[in-house]
There are 2 protein chains.
Amino acid sequence: MSSARPDVELSVALDMDAMPGHYIRRLQQVAVRLFSEEVGSELTPVQFAALVAIAQRSGLGQADLAAQIGYDRATIGGVIDRLEAKGWVSRTPSREDRRQNIVAITPAGEQAMAQATAAVQRVQTRFLSPLDSDEQQVFERLCRKLLGYHLG
Amino acid sequence: MSSARPDVELSVALDMDAMPGHYIRRLQQVAVRLFSEEVGSELTPVQFAALVAIAQRSGLGQADLAAQIGYDRATIGGVIDRLEAKGWVSRTPSREDRRQNIVAITPAGEQAMAQATAAVQRVQTRFLSPLDSDEQQVFERLCRKLLGYHLG
DNA sequence: CGTCGATTGACTGCATACATATTATATGTA
DNA sequence: TACATATAATATGTATGCAGTCAATCGACG
């Protein structure tokens with residue numbers, strides 16, 4: 001660590017640690033790291049979320065899928081590319097609307113998802129473990145409230 | 001999936017919205033969007049955080065800087081590239097350790113930071129605005145607690 | 001003084017995330 | 001039918017974030 005000499009005094013002392021945007025970013029980093037520790041490198045957080053969404057509501061096009069889990073439409077294509085390359089989902093042009101690719105999970109995909117599920121739940125447990133049970137509930141409620149207003 | 005293995009949790013329990021990792025990601029998306037709305041495209045959240053850190057503790061090398069604000073060492077290089085291209089920071093080889101690049105903010109950089117500061121504070125206000133004052137304090141406390149355990 | 005382990009920074013590759021443009025296809029309307 | 005508009009998917013460019021590799025360099029040790 002270098003010796004920091006104070007050479008510029010800022011008119012406004014900005015404490016980045018006090019900024020929600022900053023610590024949300026760092027919490028996100030923590031969550032991603034835990035995910036990769038527990039689940040491994042076979043599956044990323046985004047790929048897992050996509051797999052779950054596809055399994056729960058098959059017959060959706062890519063855009064519907066993206067909207068449902070909060071991805072960008074331009075991003076979902078690449079995610080599905082990688083899931084398709086692993087043989088976990090399939091893309092089929094819709095007959096009703098030939099612009100659409102209907103995305104469905106494959107048996108191999110279901111198996112991969114089932115294998116990952118326990119690890120993913122460990123991630124959530126570990127992530128929240130610094131909080132006691134009451135705090136966990138409050139944290140979830142406040143996050144939902146924030147999302148509800150900003151997305152709804 | 002045709003095995004006789006009972007997978008009870010597969011059919012129901014995968015509610016992504018209930019997973020902290022998932023809604024933290026979406027909160028992060030919200031924060032980034034608000035940032036770009038208020039601050040504009042001149043400066044990204046990461047670039048702003050870097051600028052603040054550089055201004056507050058000049059004389060640091062890139063790795064120290066990265067550690068201080070939670071970046072990856074491999075990422076900070078590109079961030080500083082872009083700040084340097086705008087003339088907002090400078091890189092100088094250290095005399096004590098010639099592997100190090102000492103990063104410092106320029107007058108133009110200080111000006112850019114000062115201009116962005118009000119907008120950045122509006123971001124934080126808007127982000128937390130769905131919560132009342134008590135809830136905001138609780139939210140910040142819980143986030144800090146999570147970070148304290150996971151990073152400390 | 002020379003060697004070795006650790007550190008730093010540069011670089012590559014992969015995976016998001018988003019904006020924008022483009023292409024193909026649908027759909028509403030004149 | 002012809003045209004304008006809307007939508008789905010893709011391609012491109014920029015910006016992060018992390019893992020891994022490499023060379024240069026530093027500090028410590030013999």
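Each chain gets a letter, A, B and so on, in the order its sequence line appears, and its residues count up from 1. Predicted model only: the values in this text are computed from it and were never measured.
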Contact class for A:Arg33 (heavy atom, under 4.0 Å): base, sugar-phosphate, or nothing? nothing
Mind checking if A:Arg26 touches a base, just sugar-phosphate, or nothing, with heavy atoms under 4.0 Å? nothing
Evaluate the criterion side chain to side chain contact (heavy atoms under 4.5 Å, CB included) for residue pair A:Leu60 and A:Ile102; output intermediate values, then yes/no. CA-CA 5 Å; A:Leu60 292 184; A:Ile102 300 299; over 6 Å; no
Listing, residues 22-29 of chain B side-chain donor-acceptor contacts under 3.5 Å, not counting sequence neighbours, or none:
| residue | atom | partner | partner atom | Å |
| --- | --- | --- | --- | --- |
| B:Arg25 | NH2 | A:Ile69 | O | 2.9 |
| B:Gln29 | NE2 | A:Gly70 | O | 3.1 |

Distance-only donor-acceptor test (3.5 Å): side chain A:Arg99, base C:dT25: yes
Kindly state each residue pair satisfying ring pair (Phe, Tyr, Trp, His ring centres under 6.0 Å) with at least one member in residues 51-106 of chain A, sequence neighbours excluded. none
Applying the Watson-Crick and G-U wobble criteria at under 3.5 Å, what pairs with C:dA30? Answer none if nothing qualifies. D:dT1
Shoot me the first and last contacting nucleotide of DNA chain D against chain A, ordered 5' to 3', at under 4.0 angstrom to non-hydrogen atoms. D:dA6 to D:dC18
[N] [atom2] sits how many Å from [X] [atom1], rounded?
X        : N      : atom1 : atom2 : value
A:Asp72  : C:dA15 : CG    : P     : 18 Å
A:Gln62  : C:dT25 : CD    : C1'   : 15 Å
B:Gln28  : C:dT16 : CD    : C1'   : 11 Å
B:Asp64  : C:dG9  : CG    : C1'   : 12 Å
A:Gln47  : C:dA17 : CD    : P     : 11 Å
B:Gln100 : C:dA6  : CD    : C1'   : 14 Å

Contact residues, residues 74-97 of chain A to DNA chain D [heavy atom, < 4.0 Å]: A:Ala74, A:Arg91
All pairs passing side chain to side chain donor-acceptor pair (under 3.5 Å) where residues 134-146 of chain B contributes a residue, at least two apart: A:Glu135-B:Arg141, A:Glu135-B:Lys145, A:Arg141-B:Glu135, A:Lys145-B:Glu135, B:Glu140-B:Arg144
Could you pull out all residues at least two apart from B:Phe127 that satisfy ring pair (Phe, Tyr, Trp, His ring centres under 6.0 Å)? A:His150
Test side chain to side chain contact (heavy atoms under 4.5 Å, CB included) applied to A:Cys143 and B:Phe139, step by step: CA-CA 8 Å; A:Cys143 285; B:Phe139 182 73; 3.9 Å; yes
Would you mind writing out the side-chain donor-acceptor pairs for residues 40-55 of chain B within the sub-3.5 Å range, not counting sequence neighbours?
| residue | atom | partner | partner atom | Å |
| --- | --- | --- | --- | --- |
| B:Thr44 | OG1 | B:Gln47 | N | 3.1 |
| B:Gln47 | OE1 | B:Lys86 | NZ | 3.0 |

Hits for side chain to side chain contact (heavy atoms under 4.5 Å, CB included) against A:Arg91, two or more places apart or cross-chain, chain-then-number order -> A:Gln62, A:Ile80, A:Asp81, A:Glu84, A:Asn101, A:Val103
Tell me every residue that passes salt bridge (Lys or Arg N to Asp or Glu O under 4.0 Å) with A:Arg33, counting only those two or more places apart in sequence or in another chain. none
If you find the nucleotide of DNA chain D closest to A:Arg73 and the one closest to B:Arg73, which residue's nucleotide is nearer the 5' end? A:Arg73
By nearest-nucleotide position on DNA chain C, the 5'-leaning member of A:Arg98 and A:Gly70 is A:Gly70
